Amino acid sequence: MVKSIAPHDEAAKLSRGFGWLAVLGVILVVAGLVGLVYTGVATLTSMLLFGWLLLVGGVIGLLHAVQARHSNFFWLGVVVAALNIAAGAVILKTPEAAAEALTMFAALLFLTGGVFRLVGSLVVRGPQFGWTLVQGAFGLLLGILVLASWPSSSQYVIGTFFSLALLFDGLGLIATGYGGRRIVGMVSDRLGDAEDGPAGPGGAAAGERPAGPEASPTKPVQPE
């Protein structure tokens with residue numbers, strides 16, 4: 001009895017876990033949509049989160065470096081942790097200037113990535129020539145547009161990217177949670193059908209011989 005109940009309990013736990021995953025996806029989707037509407041607030045929020053992540057990560061890295069002070073990488077860990085703490089403090093103190101710097105950096109990345117993709121697609125001309133050419137042109141155009149309206153573009157570029165990341169991550173979690181719940185339900189139904197299998201004639205399971213005198217047929221007597 002315990003063996004038959006345990007798989008159903010595990011299936012119920014898995015189903016609840018996938019359900020909470022879908023709920024988290026819905027929350028991320030809502031946050032992404034709100035961020036796309038209020039891109040300025042999303043930019044400021046993402047910069048503050050980034051600053052706190054750098055600050056906390058730097059403190060944790062410094063603690064790890066102190067614990068491993070007898071190793072060869074002690075000073076490297078201290079320097080990296082100090083840089084993270086300093087960058088986090090600067091971002092938290094001046095989030096607008098940090099957003100402008102990150103927007104400039106993102107625009108330069110788009111420009112260089114687009115140029116390299118364009119040149120690479122024209123030189124190599126591989127099987128993905130058209131798709132690589134479109135990607136390069138899109139990245140180049142996006143970098144030019146961001147730089148053309150910089151620094152005012154820093155008020156919405158980071159927030160837009162952050163909101164889009166939340167939106168697509170949320171959609172992925174919703175799809176994973178919904179698909180996982182369906183798969184768990186199908187597996188649990190199969191297990192239930194296997195446990196309640198069809199019975200043979202006389203109440204015995206299929207493939208079993210009935211007990212009694214009819215279980216072993218008598219061998220015919222050969223005439224002398």
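Just so it is clear, the structure is predicted and the values come from calculations on it, not from any experiment. Counting begins at 1 with the first residue of the sequence.
- Taking a 4.5 Å side-chain heavy-atom cut-off between Ile, Leu, Val, Met, Phe, Trp and Tyr, the cluster of M47 extends to F50, L54, I91, L102, I158.
- Residues V34 and F162 do not share a hydrophobic cluster, defined by chaining ILVMFWY side chains whose heavy atoms lie under 4.5 Å apart.
- Every residue meeting the side chain to side chain contact (heavy atoms under 4.5 Å, CB included) condition with L92, not counting sequence neighbours, appears here in chain and number order: L48, W52, L55.
- Using a 4.5 Å cut-off between side-chain heavy atoms of Ile, Leu, Val, Met, Phe, Trp and Tyr, with links allowed through other members, L140 and F116 fall into different hydrophobic clusters.
- Nearest heavy atom pair, residue R117 against residue G136, reads CB-CA, 3.6 Å.
- With values rounded to the nearest 0.5 angstrom, W150 atom CH2 is found 4.0 Å from M104 atom CE.
- Residues F138, L142, V146, Y156, V157, F161 make up the rest of the hydrophobic cluster containing F110, defined by ILVMFWY side-chain heavy atoms closer than 4.5 Å, directly or through other members.
- Under a 4.5 Å side-chain heavy-atom criterion applied to ILVMFWY residues, the cluster that includes F105 comprises L109 as well.
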Review point. Taking it one step at a time, do L28 and L173 satisfy side chain to side chain contact (heavy atoms under 4.5 Å, CB included)?
Key: CA-CA 9 Å; L28 290 181; L173 289 178; 3.6 Å; yes

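- For the atom pair L167 CG and T160 OG1, the distance stands at 12.0 Å (nearest 0.5 Å).
- Residue L133 is not grouped with residue L141 when hydrophobic side chains (ILVMFWY) are merged at heavy-atom distances under 4.5 angstrom, including chains of intermediate members.
- Applying the 4.5 Å side-chain rule to ILVMFWY residues, one finds V23, I27 in the same cluster as W20.
- The shortest non-hydrogen separation linking A65 to G77 is CB-C, 4.0 Å.
- Cluster membership for L24 and V30, using ILVMFWY side-chain heavy atoms within less than 4.5 angstrom, is not shared.
- When hydrophobic clusters are built by joining Ile, Leu, Val, Met, Phe, Trp and Tyr residues whose side-chain heavy atoms come closer than 4.5 Å, directly or via intermediates, V26 is grouped together with L164.
- Not counting sequence neighbours, L53 has no partner by the side chain to side chain contact (heavy atoms under 4.5 Å, CB included) test.
- Qualifying side chain to side chain contact (heavy atoms under 4.5 Å, CB included) partners for L83, counting only residues two or more places apart in sequence or in other chains: V79.
- Under the side chain to side chain contact (heavy atoms under 4.5 Å, CB included) criterion, L62 pairs with V78, A81, I85, not counting sequence neighbours.
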List, one per line, each side-chain donor-acceptor pair under 3.5 Å for residues 35-44, sequence neighbours excluded.
residue	atom	partner	partner atom	Å
T43	OG1	T39	O	2.9
T43	OG1	Q155	O	3.0
T43	OG1	G159	N	2.8

